[in-house]
Amino acid sequence: MADSQLQLVARRIRSFPDFPTPGVLFRDISPVLKDPDSFRASINLLANHLKKTHGGKIDYIAGKWIVRGGGLWSPRDYEAWPMLGNPHVTVPYGCLPTSQLSPTGLDSRGFLFGPSLAQELGLGCVLIRKRGKLPGPTVSTSYTLEYGKADLEIQRDALEPGQKVVIVDDLLATGGTMHAACDLLGQLQAEVLECVSLVELTSLKGREKLGAVPFFSLLQYE
């Protein structure tokens with residue numbers, strides 16, 4: 001059953017060479033979201049992995065998402081980025097569910113995966129967003145990306161010390177954003193149990209940036 005669900009998700013991811021510029025391979029996950037069966041399968045697969053790995057130990061799921069015009073960019077995109085400029089990139093926000101088995105997802109597609117995963121697990125959702133988007137006292141962290149700098153922010157009372165969190169995102173590329181999310185949760189003295197994503201670009205070795213934090217992805221591409 002798990003293999004058939006994974007195949008269902010994989011069939012819905014499209015590749016577009018030379019988009020939005022020559023030399024870029026664009027991974028489009030829009031069909032996964034469009035098809036209720038494949039989207040449901042992706043959520044079920046992630047939820048089953050977390051249940052099997054962590055049982056009832058998760059308090060929240062934190063999610064991060066790097067969204068680029070409706071799809072995911074390939075390693076060639078990141079390598080070419082300094083020469084391309086940044087008009088097509090939207091820096092991810094965050095939706096951090098209430099437990100790692102409580103999903104958290106970063107804007108913008110993270111807002112789709114995070115709450116959906118949280119609902120599947122019967123957990124809440126806590127937001128991680130860009131600086132200036134959340135009211136009340138917050139904590140923030142800055143990090144460097146291929147195309148500049150970005151900031152993530154979370155409300156100071158979103159988590160209590162010792163609460164266990166899983167970070168969920170659509171894509172792991174270089175690992176900069178996910179690493180920053182781990183740092184941000186560390187400021188609240190939360191424990192990051194694991195990071196998970198729908199897609200991983202393995203040649204960029206993003207999981208190495210996560211250090212000792214375990215990482216899991218449903219689909220891997222060079």
Side-chain angles (χ1 to χ4, degrees), residues 29 33 43 46-47 50 57-70 72 86-198 206 209-211 213 215:
I29 68 168
L33 303 175
I43 297 300
L46 290 173
L50 293 177
K57 296 179 181 179
I58 301 175
D59 297 310
Y60 291 86
I61 290 184
K64 69 181 208 58
W65 255 77
I66 297 179
V67 180
R68 297 172 175 81
L72 310 179
N86 63 358
H88 302 284
V89 173
T90 300
V91 177
Y93 295 42
C95 167
L96 176 59
T98 311
S99 120
Q100 185 86 49
L101 275 185
S102 204
T104 298
L106 298 187
D107 280 354
S108 72
R109 250 183 228 83
F111 279 123
L112 300 177
F113 283 85
S116 297
L117 183 54
Q119 284 290 305
E120 180 69 19
L121 296 169
L123 301 170
C125 179
V126 178
L127 298 180
I128 295 177
R129 301 204 63 182
K130 290 195 300 184
R131 185 189 296 273
K133 298 295 184 179
L134 293 171
T138 61
V139 297
S140 63
T141 186
S142 299
Y143 60 104
T144 301
L145 295 173
E146 292 75 9
Y147 45 85
K149 291 185 177 181
D151 299 296
L152 292 181
E153 194 170 63
I154 190 172
Q155 290 172 318
R156 189 175 296 276
D157 62 356
L159 296 166
E160 297 179 2
Q163 288 189 313
K164 297 175 173 58
V165 180
V166 170
I167 298 175
V168 58
D169 202 355
D170 64 319
L171 166 73
L172 179 74
T174 62
T177 313
M178 194 168 279
H179 179 262
C182 291
D183 287 345
L184 186 62
L185 300 183
Q187 292 186 46
L188 298 181
Q189 301 180 51
E191 178 184 352
V192 179
L193 294 180
E194 187 176 7
C195 296
V196 301
S197 70
L198 177 69
K209 187 166 289 187
L210 302 179
V213 178
F215 175 76

- Glu191 versus Lys164: any side-chain heavy-atom pair under 4.5 Å? yes

- Query: Nearest heavy-atom pair of Ser140 and Gln187: which atoms, and what distance?
  - Reply: O-NE2, 3.0 Å

- Item | Considering all heavy atoms, the nearest Cys195-Met178 contact | CB-SD, 3.2 Å

- How close do Leu134 and Gln155 get, heavy atom to heavy atom, and via which atoms? CD1-N, 3.9 Å

- Message: Testing the basics here: between Arg156 and Leu188, what is the closest heavy-atom pair and its distance to 0.1 Å?
- Response: O-CD2, 3.6 Å

- Note on the structure: Residues Tyr143 and Gly176: closest non-hydrogen pair is CD1-O, 3.8 Å

- Message: Quick one, Leu185 with Ile167, criterion side chain to side chain contact (heavy atoms under 4.5 Å, CB included). Give me CA distance, side-chain angles, the key distance, then yes/no.
- Response: CA-CA 10 Å; Leu185 300 183; Ile167 298 175; 3.9 Å; yes

- Test side chain to side chain contact (heavy atoms under 4.5 Å, CB included) applied to Thr144 and Lys149, step by step: CA-CA 4 Å; Thr144 301; Lys149 291 185 177 181; 4.2 Å; yes

- Item | Given Leu121, Leu198, Leu117, the one that forms side chain to side chain contact (heavy atoms under 4.5 Å, CB included) with Leu46 | Leu117

- Task: Any chance you could lay out the side chain to side chain contact (heavy atoms under 4.5 Å, CB included) test for Ser197 and Phe215, step after step, and finish with the verdict?
- Result: CA-CA 8 Å; Ser197 70; Phe215 175 76; 3.3 Å; yes

- Note on the structure: Distance col, row Arg129:CZ vs Ile154:CD1, nearest 0.5 angstrom, shows 12.5 Å

- Of all the heavy-atom pairs spanning His179 and Leu210, show the shortest one and how long it is. N-CD2, 3.8 Å

